[in-house]
Structures are given as structure tokens and as C-alpha cells.
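Okay, structure first, notes after.
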Amino acid sequence: MTISDRIFEKLRQVNMTQKEFSEQTGISQSTISEWKSKRTNPTSEKIMLICKVLDVTPEWLLSGIENTGERGNNASWYVIDKETDMGILIKNYHEMSEKQRDRLIGYMEALMAMPGEK
């Protein structure tokens, strides 16, 4: 099964039309139709967006294998919406100097160590 096959299978499962999928991803309907008719796959820069909209992991989309239970390795990365508090935090963190980053991590560690503050 190809990546595009998994996309269309997931669209069927969640009862989402290609038009709705296009609107939510910003990927043109003609591109999505091309995946189906020419059996091509999306470009790599669209994978994380597709995963977010379909609520699947990149591992599943790319391989069809879902990491469940105690088997396999846990992902060492997150998919985060840029518009959330976490996304804003990460954006700002990347704009900081190394000294500012070290200081911020120190603040976080101090806050986490405070009793009853979690």
C-alpha cells in the first residue's frame, strides 16, 4: 500500500471528502486527485500537515506500521501546531541566544522543583 493509498483509506474511515481534506490542508484538489489517478505520493513537505489533519503518525503514513504498546521505539519528536502555546514557546526559544536558552531552562527546572506547583 502506498502513502496515497493510506491517505484515501483514512479519508474513507473518517468520512472526509477530498474537498474537505483540501480545505483543511491547503493542498489543491487537483493535486489530491492526481495522487489517486496517477498513484503518486505527496511531497515530503506535506507529510506532517497531512498527519495532523488525518490524526495519524508519520510512521503510519509512511510505512503503514503503527507503534502500539511496548513494541517499537517511541517517537523522539512532536508534531506541534504553531498557533498553540507550545508552538509559540518553541518559536520564541529558537529566536533566543544560547545564553537566554540556558537561563530559560534553568527557570523551568527551578519551577518544576517547587513543591505543589505542578
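All values below come from the heavy atoms of this structure, side chains included, with hydrogens, waters and symmetry mates left out. Position 1 is the first residue of the sequence; numbering continues from there.
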- Quick one: side-chain hydrogen bond (donor to acceptor under 3.5 Å, both in side chains) partners of Arg101, sequence neighbours excluded? none
- side-chain hydrogen bond (donor to acceptor under 3.5 Å, both in side chains) against Glu9, all qualifying residues, sequence neighbours excluded: Arg12, Gln13
- Task: Could you state whether Met96 and Met108 fall into the same hydrophobic cluster, counting links through intermediate Ile, Leu, Val, Met, Phe, Trp or Tyr residues with side-chain heavy atoms under 4.5 angstrom apart?
- Result: yes
- For Ser22 and Ser28, the nearest pair of non-hydrogen atoms, with its separation, is OG-C, 3.8 Å
- Query: Atom CD of Glu109 and atom CG of Leu104: how far apart are they, to the nearest 0.5 Å?
  - Reply: 10.0 Å
- Query: How far does OG of Ser30 sit from CD of Gln18, to the nearest 0.5 angstrom?
  - Reply: 11.0 Å
- Listed partners of Glu34 passing salt bridge (charged side-chain N to carboxylate O under 4.0 Å, His left out), at least two apart: Lys38
- Task: Only counting residues at least two apart or in another chain, list the ones meeting side-chain hydrogen bond (donor to acceptor under 3.5 Å, both in side chains) with Thr2.
- Result: Ser4, Asp5
- Message: With a 6.0 Å cut-off (strictly less than), is the heavy-atom count around CD of Glu98, excluding the residue itself, greater than 12?
- Response: no
- Message: Please report the interatomic distance CD(Gln100) to CD1(Ile105), rounded to the nearest 0.5 Å.
- Response: 12.0 Å
- Note on the structure: All heavy atoms of Gln29 vs all of Lys19, minimum pair found to be NE2-CG, 3.5 Å
- Task: Supply the atom-to-atom distance Glu83 CD to Ile88 CD1, rounded to the nearest 0.5 angstrom.
- Result: 6.5 Å
- Task: Quick one: pull up SG in Cys51 and NZ in Lys10 and give me the separation to the nearest 0.5 Å.
- Result: 10.5 Å
- Does Trp60 sit in a hydrophobic cluster with other residues, and if so which ones, taking ILVMFWY side chains as linked at heavy-atom separations under 4.5 Å, directly or through other members? Ile3, Ile7, Phe8, Leu11, Val14, Met16, Phe21, Ile27, Ile32, Trp35, Ile47, Leu49, Ile50, Val53, Leu54, Val56, Leu61, Leu62
- Who pairs with Thr17 by side-chain hydrogen bond (donor to acceptor under 3.5 Å, both in side chains), at least two apart in sequence or on another chain? Glu20
